[in-house]
Asks: 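Below you'll find the structure I mean.
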Amino acid sequence: MARIIVVTSGKGGVGKTTTSASISTGLAKHGHKTVVVDFDVGLRNLDLIMNCERRVVYDFVNVIQGEATLNQALIKDKRVDGLYILPASQTREKEALTKEGVERVINELSETFDYIVCDSPAGIEHGALMALYHADEAIVVTNPEVSSVRDSDRILGIMQSKSRRAEKGEDPVKEHLLLTRYNPERVDKGEMLSVQDVEEILAIPLLGVIPESQVVLNASNQGLPVILEEDSDAGQAYEDAVARLLGEDREHRFLTAQKKGFFSRMFKGG
Amino acid sequence: MSDTATTGVSQSFQLKSASVSLTALELYYFDSQEFENNLREKISQAPGFFKDIPLVISLEKYQGLDSELDFFSMIGTCRRYNIHVIGIRAANDDQRRLARGAELAILPGSSVRESKPEPVKAENDYAAPTLAQPAPVKVITQPVRSGQQISAPEGDLVILAPVQAGAEVLAAGSIHIYGPLRGRALAGIHGCEGARVFCQSLEAELVSIAGHYKISEDLQESGWKSAVHIQLKDDLLVVTPLDKA
């Protein structure tokens with residue numbers, strides 16, 4: 001049985017897809033057979049970040065509607081062994097994700113994969129509900145600002161009542177907080193919430209803190225999951241998060257402002 | 001020991017004393033159109049609270065003519081909004097006669113005009129000595145998240161976790177929060193003025209007791225971000241630090 005992880009946030013633009021790409025790549029690098037499923041029907045992005053947009057033939061909705069088999073739709077990643085992508089449909093609407101259809105696909109994936117990573121769309125509507133319904137674990141992606149924290153809180157509440165585990169009265173979904181776009185200098189200036197602030201408000205365990213970095217944007221534009229940028233702080237932070245997800249105990253890094261980081265960041269940025 | 005066994009007659013019921021908290025509608029004057037408008041407006045603020053509740057019409061502050069009191073019209077209007085008028089209180093003799101005509105129960109009021117004075121009601125609603133059973137207490141151990149609503153429609157509500165911004169907690173009695181209160185807390189939703197709100201850190205969007213409320217802006221002056229309890233004194237919400245209670 002696969003472990004099903006949803007990457008969600010409520011708010012848009014906080015880094016769900018970036019996180020889905022890196023976490024799934026990281027899990028595969030650790031030797032776990034992983035599939036990352038794009039639930040953002042109509043606003044397909046995951047294939048761009050995974051650099052497989054030119055290889056999409058069939059998609060998630062085709063599989064649900066029986067127009068293609070799962071094997072036809074799954075795209076094998078060229079860089080990392082044991083990593084597959086199930087792309088979303090760009091031309092359909094979110095309602096095409098029926099509850100029964102999603103369940104059937106997830107069950108089928110469950111038979112062959114160790115991890116299923118579900119990349120949720122923003123919002124709290126149908127698409128997001130479908131993405132979180134089957135989850136065993138949830139990575140709640142949050143930016144250190146109040147509106148993002150509020151939306152994360154909302155999605156956590158929805159997970160408590162609307163997930164499969166909640167409906168069936170099983171153990172609750174295991175929640176992880178992933179703080180992205182963290183800028184310690186701006187925290188020091190009081191322009192951003194600190195890790196402690198966000199942890200205290202949301203009251204869920206911290207999986208990782210991803211520093212704000214030009215590398216993330218560059219990697220996305222090149223179709224490279226940032227975790228593969230192994231020399232960058234953001235890449236290492238994602239690698240730490242994956243290790244923690246797999247039960248390893250690692251200390252949190254990149255939480256304080258680096259004094260000598262100016263030049264190195266200039267070069268990486270260029 | 002003269003119970004059913006000795007008399008040989010089986011009892012189909014037993015009368016017990018009970019104390020329930022009710023919502024009272026304090027009527028100042030009566031005009032059927034205005035009455036309906038005001039009622040609709042009140043209900044629209046919190047449709048869930050008013051569904052199927054019993055209501056007592058309190059005439060203590062009634063200033064209109066007794067002849068204008070059309071109980072049939074009031075009952076009909078309330079019924080349309082799923083509210084059940086069960087009786088009146090603090091009525092004079094004429095008003096009682098009208099109420100009997102409308103088959104309403106007559107409840108004693110806190111001060112009755114033109115009639116012999118009733119014993120003064122206990123100040124604290126909790127002090128009712130005839131309580132057959134304590135009101136049920138609802139205990140919540142999970143954080144109450146933004147968008148969630150937790151209600152204890154009969155008794156007290158105890159929350160052993162934070163109440164987040166955008167969340168709402170409601171209780172007929174008091175609300176105890178062993179964590180920060182960042183959302184809205186409404187105690188005494190059926191009008192119990194003795195209800196209180198307790199929290200470890202007051203960061204609330206709104207606190208209400210028996211319909212008297214204060215919003216975040218008005219709560220900043222005393223006890224903000226500290227452990228407090230909030231009670232109703234002379235129709236005003238009073239915030240007191242817990243260590244000085």
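The figures that follow rest on heavy atoms only: side chains count, while hydrogens, waters and symmetry mates do not. Only a predicted model underlies this, so the values are computations on that prediction, with no experimental measurement involved. First the proteins, then the strands, lettered A, B, ... as listed; each starts at 1.
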Asks: Would you mind checking which part of A/Gln160 comes under 4.5 Å of any heavy atom in chain B, side chain (CB onward), backbone (N, CA, C, O), both or neither?
Replies: side chain
Asks: Report the distance from atom OG of B/Ser146 to atom CG of A/Leu156, rounding to the nearest 0.5 Å.
Replies: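 Rounded to the nearest 0.5 Å, the OG-CG separation comes out at 10.5 Å.
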Asks: Is it the case that the side chain of A/Asp153 and the backbone of B/Arg145 share a donor-acceptor pair, with hydrogens and angles ignored and the cut-off at 3.5 Å?
Replies: no
Asks: For the candidates A/Ile155, A/Val149, A/Ile204, A/Leu202, which exhibits the highest count of non-hydrogen atom pairs separated by less than 4.5 Å from chain B?
Replies: A/Leu202
Asks: Would you indicate whether A/Glu93, at its atom CD, is surrounded by more than 12 heavy atoms from other residues, nucleotides or ligands within a distance under 6.0 Å?
Replies: no
Asks: Kindly check if the number of other-residue, nucleotide or ligand heavy atoms within 6.0 Å of OH (B/Tyr178) is above 12?
Replies: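 Atom OH in B/Tyr178 is not packed in, count stays at 12 or less.
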Asks: Does atom CD of B/Glu221 have more than 12 heavy-atom neighbours, drawn from other residues, nucleotides or ligands, at distances under 6.0 Å?
Replies: yes
Asks: So with a 6.0 Å cut-off around CD of A/Glu167, is the heavy-atom count from everything else above 12?
Replies: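 Atom CD in A/Glu167 is packed in, count exceeds 12.
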Asks: Can you say whether A/Ile201 sits under 4.5 Å from chain B via the side chain, the backbone, both, or neither, judging by heavy atoms?
Replies: both
Asks: Answer yes or no: is there a side-chain heavy-atom contact under 4.5 Å between A/Arg154 and B/Gln164?
Replies: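 Contact flag for A/Arg154/B/Gln164 side chains = no.
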Asks: Count the heavy atoms of every other residue, nucleotide or ligand shown that sit under 6.0 Å from CD of A/Glu199, and state whether that count exceeds 12.
Replies: yes
